[in-house]
Amino acid sequence: MAYWLMKSEPDVFSFDDLVVKTAKGEAEEWHGVRNYAARNNMRAMQVGDEAFFYHSNIGKEIVGIMRIVAPAHPDSTADLNARGEVVWECVDVQSVKPFPRPVTLAEIKATPALETLELVKLSRLSVSKVSAEEWALLLKMGGLEP
DNA sequence: GCCAACGTTGGC
DNA sequence: GCCAACGTTGGC
């Protein structure tokens, strides 16, 4: 199983919005990604993989965990390219658990063991990879047991 | 509101 | 295929 981190601006779509949808038995299409590296990461995701939900701009913190419930499929909100091909894709996600204590970007940057986190190194990438070691540490920092 | 980082576009 | 110009993201 692989681990990921996905960003969303909470005033557009927050972790709480995802919790509400999940409680209704619905999944959220992670649409709107228009960056090849981020898309490639979504293509590499498998059902059952887990991802951190990061609030960008407002909060700047990891607020919870979600699970990939459907593999990458065409993003219905995206235009086709000149050849009529699908370029942009998205996965479907559901919430798993909120962090009892959100982990802020400032804390992450102040933690030497997290210097290699893609969120820090590739700050503009909206869908990034998280190693098993980074995942375990961030879970602990967020107040959850591995 | 500013700016750094970086991706994309388009002229050559 | 290079590179300058421009747009976007996202932290500060």
| query | Under 4.0 Å between a Lys/Arg side-chain N and an Asp/Glu carboxylate O for E61(A) and R101(A)? | reply | no
With heavy atoms under 4.0 Å as the rule, sort L122(A) into base, sugar-phosphate or nothing. nothing
Is there a path of hydrophobic side-chain contacts, each under 4.5 Å between heavy atoms, that joins V47(A) and L18(A)?
no
Rounded to the nearest 0.5 angstrom, the OH-CZ distance for Y3(A) and F52(A) is 9.0 Å
At a 4.0 Å cut-off to heavy atoms of chain A, the contacted part of DNA chain C spans dG7(C) to dC12(C)
Query raised in the report: Under 4.0 Å between a Lys/Arg side-chain N and an Asp/Glu carboxylate O for R39(A) and E89(A)?
Result: no
Legend entry - Transitive ILVMFWY side-chain link L122(A) to M45(A), under 4.5 Å: no
